[in-house]
Amino acid sequence: MEAKLKKELGTAMLRPTGHSGGGCISEGQSYDTDTGRVFVKINHKSQAKLMFDGEHASLEAIFKTETVKVPKPVKVIELDRGGCVFVMEHLDMRGLSKYSKCLGEQLAALHLHNKRQLDKLNKEQQTVGKGAGQSEVAGVQKFGFSVTTCCGYIPQQNEWQDDWVKFYSQQRLQHQLNLVEKSYGDREAREAWAELQLKIPQFFKDLEISPALLHGDLWGGNVSECEEGPVIFDPASFYGHSEFELGIAGMFGGFNSSFYSAYHEKIPQAPGFAKRNQLYQLFHYLNHWNHFGGGYRGSSIRIMKNLLK
């Protein structure tokens, strides 16, 4: 593997630093190279390339907004004996503490970035002499993403969609429930979903949703800080409703009140936020059920029943 890395990175030096890491899906190792230190994620599964290509595109998209720090992606490299590695910038990170408020502000800036691009575009198009197609500002007007991204190791359906409610119901919840059905044939989940999917539009009454670039899997284990400020990593990005981001953030802890206050100062809670927050947590409970088994069944069913009350 190291010979392949050297060749692909065009470096004469490739020395392990002793820094390693990894989660339940991939292993990680840092190396010193001719041009600085890199972090390499390694995965030997057959779908590793799909997963890493999605992560590369996600980091690239967030990096380009210049709103919140992410490790700069370098390259996805296929290994000769199967599997794949993903090379990115190495950052010296520690647990999030002193930069919680700053993360709240920067995450809100990330979520507002696309809307500001679209507003700028509209303004330019209304200016005499600057018609459509002449602007350098790029804005995304639909929900989805240009490539497949994986939340955990499950690929997400990111096909572009005009309507957020339709996108979320079909390409997020329905997709996860199809996987639950395939693995468990759970009658209670099937019956609850048959009712819930009819009710979902009610949670979005009078709400105008602009596509926001999301990290997509922002739990406490995917945030950190370095000397200069907060860092987010391991994204599963797409353009969606900004509130979706706060679903998993509230499930496993790791974010204090200064984070939420700073975030909501820039993006205030809209009426019905609490119900939608449960609806967004439902995706993550279903995704955990599909990854880790029946321990997450109870939470998934409970949320569906709560939302039906």
ask   = Is the side chain of Thr33 donor-acceptor paired with the backbone N or O of Leu14 at a distance under 3.5 Å, no angle test?
value = no

Nearest heavy atoms of Leu214 and Ser237, plus distance in Å = O-OG, 2.8 Å

request  = For residues Pro155 and Thr148, report the shortest heavy-atom separation together with the two atoms involved.
outcome  = CB-CG2, 3.8 Å

inquiry  = Angle between ring planes, His264 versus Tyr260, binned at 30° and 60°: parallel, tilted or perpendicular?
reply    = parallel

ask   = Is there a salt bridge (charged side-chain N to carboxylate O under 4.0 Å, His left out) between Glu195 and Lys199 once you walk through the steps?
value = CA-CA 7 Å; Glu195 280 187 71; Lys199 197 180 174 182; over 6 Å; no

message = Applying a strict under-4.5 Å side-chain criterion to I, L, V, M, F, W and Y, I'd like to know whether Phe52 and Leu50 cluster together.
response = no

inquiry  = If you count every heavy atom of other residues, nucleotides or ligands that lies below 6.0 Å from Arg190 atom CZ, does the total exceed 12?
reply    = yes

inquiry  = Checking Asn290 against Gln176: is there a side-chain donor and acceptor pair closer than 3.5 Å?
reply    = yes

message = I'd like to know if the side chain of Lys41 and the backbone of Val87 have a donor-acceptor N/O pair within less than 3.5 Å.
response = no

ask   = Given the rule in the side chain to side chain contact (heavy atoms under 4.5 Å, CB included) test, do Leu286 and Val180 qualify, once you have shown the distances and angles that lead to the verdict?
value = CA-CA 8 Å; Leu286 290 168; Val180 164; 4.3 Å; yes

ask   = What is the ring orientation for Tyr296 with Phe292, classed by angle as parallel under 30°, tilted 30 to 60°, or perpendicular over 60°?
value = tilted

inquiry  = Please determine whether side chain to side chain contact (heavy atoms under 4.5 Å, CB included) holds for the pair Gln156 and Cys150, giving the CA-CA distance in whole Å, both sets of side-chain angles, and the decisive distance to 0.1 Å.
reply    = CA-CA 5 Å; Gln156 304 194 108; Cys150 299; 5.7 Å; no

ask   = Ion pair present between Lys115 and Asp119, side-chain N to carboxylate O less than 4.0 angstrom?
value = yes

message = For a 4.5 angstrom cut-off between non-hydrogen side-chain atoms, does Leu59 reach Lys64?
response = no

ask   = Is it true that a side-chain atom of Ser100 and a backbone atom of Leu96 form a donor plus acceptor pair closer than 3.5 Å?
value = no

key: Residue pairs fulfilling ring-ring contact (aromatic ring centres under 6.0 Å, His included) with at least one residue in residues 170-193, sequence neighbours excluded   = Tyr184-Trp289

remark   = Closest non-hydrogen contact found for Gln278 with Leu307 is CB-CD2, 4.0 Å

query = How many angstroms lie between atom CZ of Phe238 and atom CG of Leu213, to the nearest 0.5 angstrom?
reply = 10.0 Å

query = Can you find a heavy atom in the side chain of Asn277 that is under 4.5 Å from one in the side chain of Glu243?
reply = no

query = Backbone N or O of Lys98 within a donor-acceptor pair of the Glu225 side chain at under 3.5 Å?
reply = yes

query = Is any side-chain heavy atom of Glu227 closer than 4.5 Å to a side-chain heavy atom of Arg94?
reply = yes

message = Using a 3.5 Å distance criterion without hydrogens, assess whether the side chain of Glu89 forms a donor-acceptor pair with backbone atoms of Lys72.
response = yes

Distance-minimising heavy-atom pair for Leu308 and Ala192 = CD1-O, 3.8 Å

message = Can you tell me if Trp160 has over 12 outside heavy atoms packed within less than 6.0 Å of its CH2?
response = yes

inquiry  = Are Leu91 and Pro71 packed together at the side-chain level, in the sense that at least one heavy-atom pair is separated by less than 4.5 angstrom?
reply    = yes

task = With rounding to the nearest 0.5 Å, note down the distance linking NE2 in His241 to CG in Leu207.
result = 5.0 Å

ask   = Would you say Asp217's side chain and Asn222's backbone share a donor-acceptor pair under 3.5 angstrom?
value = no

task = Heavy atoms only: give me the nearest Phe86-Pro73 pair and the separation to one decimal.
result = CZ-CB, 3.8 Å

task = Go through the side-chain N and O atoms of His113 and Thr67 and say whether any donor and acceptor fall under 3.5 Å apart.
result = no

ask   = Is the shortest heavy-atom distance from the side chain of Ile303 to the side chain of Ser299 under 4.5 Å?
value = no

inquiry  = Quick one: does any side-chain atom of Asn256 pair with a main-chain N or O of Phe259 as donor and acceptor, under 3.5 Å?
reply    = yes

message = Ring centres under 6.0 Å, that's the criterion: do Tyr280 and Phe244 meet it?
response = yes

task = Indicate yes or no: at least one non-hydrogen side-chain atom of Met88 is less than 4.5 angstrom from one of Val38.
result = no

task = Taking Glu105 for its side chain and Tyr263 for its backbone only, find out whether a donor-acceptor pair lies under 3.5 Å.
result = no

ask   = Are Leu218 and Phe233 connected in the hydrophobic side-chain network, where two residues link if heavy atoms are under 4.5 Å apart?
value = no

request  = For residues 298-309, pull every pair meeting salt bridge (Lys or Arg N to Asp or Glu O under 4.0 Å), keeping only residues two or more places apart or in separate chains.
outcome  = Glu188-Lys305

query = Considering residues at least two apart in sequence or located in another chain, which fulfil the salt bridge (charged side-chain N to carboxylate O under 4.0 Å, His left out) criterion with Glu60?
reply = none

ask   = So, Phe252 versus His288, ring centres under 6.0 angstrom or not?
value = yes

key: Nearest-0.5 Å distance, CD of residue Gln126 to CG of residue Leu121   = 10.0 Å

ask   = Just by modelled atom types, is the Leu279 backbone N or O under 3.5 Å from a matching donor or acceptor in the Tyr168 side chain?
value = yes

key: Closest approach of Val85 to Leu5 (non-hydrogen atoms, all atoms of both residues)   = CG2-CD2, 4.0 Å

request  = Report whether Leu282 and Leu198 are members of the same hydrophobic cluster (ILVMFWY, side-chain heavy atoms less than 4.5 Å apart, transitive linking).
outcome  = no

query = Between Gln281 and Ile248, does a side chain to side chain contact (heavy atoms under 4.5 Å, CB included) hold up when you go through it step by step?
reply = CA-CA 6 Å; Gln281 288 188 348; Ile248 196 168; over 6 Å; no

query = Within 45° of the axis and under 6.0 Å from the centre of the six-membered ring of Tyr239, does NZ or CZ of Lys142 qualify?
reply = no

message = Quick one about Glu245 and His111 (side-chain donor to acceptor, distance below 3.5 Å, no hydrogens or angles considered), yes or no?
response = yes

note = Interatomic distance, NE2@His215 vs OG@Ser58, rounded to 0.5 Å, equals 8.0 Å

message = As an exercise, state the distance from CG of Asp53 to CD of Glu78, rounded to the nearest 0.5 Å.
response = 8.0 Å

ask   = Can you tell me how far the CD atom of Gln117 sits from the OG atom of Ser210, to the nearest 0.5 Å?
value = 11.0 Å

task = Kindly indicate whether the side chain of Ser26, heavy atoms from C-beta on, has any atom under 4.5 Å from the side chain of Met51.
result = yes

message = I'd like to know if the side chain of Asp34 reaches the main chain of Ala12, judged simply by a donor and an acceptor atom lying under 3.5 Å from each other, with no hydrogens or angles considered.
response = yes

ask   = Same cluster or not: are Leu173 and Phe145 linked, directly or through other Ile, Leu, Val, Met, Phe, Trp or Tyr residues, by side-chain heavy atoms under 4.5 angstrom apart?
value = yes

ask   = Hey, are Gln174 and Asn178 close enough side-chain-wise for a donor-acceptor pair under 3.5 Å?
value = yes

ask   = Same cluster for Val76 and Leu9 if Ile/Leu/Val/Met/Phe/Trp/Tyr side chains link at under 4.5 Å?
value = no

inquiry  = side chain to side chain contact (heavy atoms under 4.5 Å, CB included) for Phe273 and Leu246? Distances and angles first, verdict last.
reply    = CA-CA 10 Å; Phe273 174 88; Leu246 300 181; 4.0 Å; yes

inquiry  = Taking the basic N atoms (NZ, or NE/NH1/NH2) and the acidic carboxylate oxygens, is any pair closer than 4.0 Å for Glu2 and Lys6?
reply    = no

ask   = Just wondering, do Tyr99 and Val231 contact through their side chains at under 4.5 Å, heavy atoms?
value = no

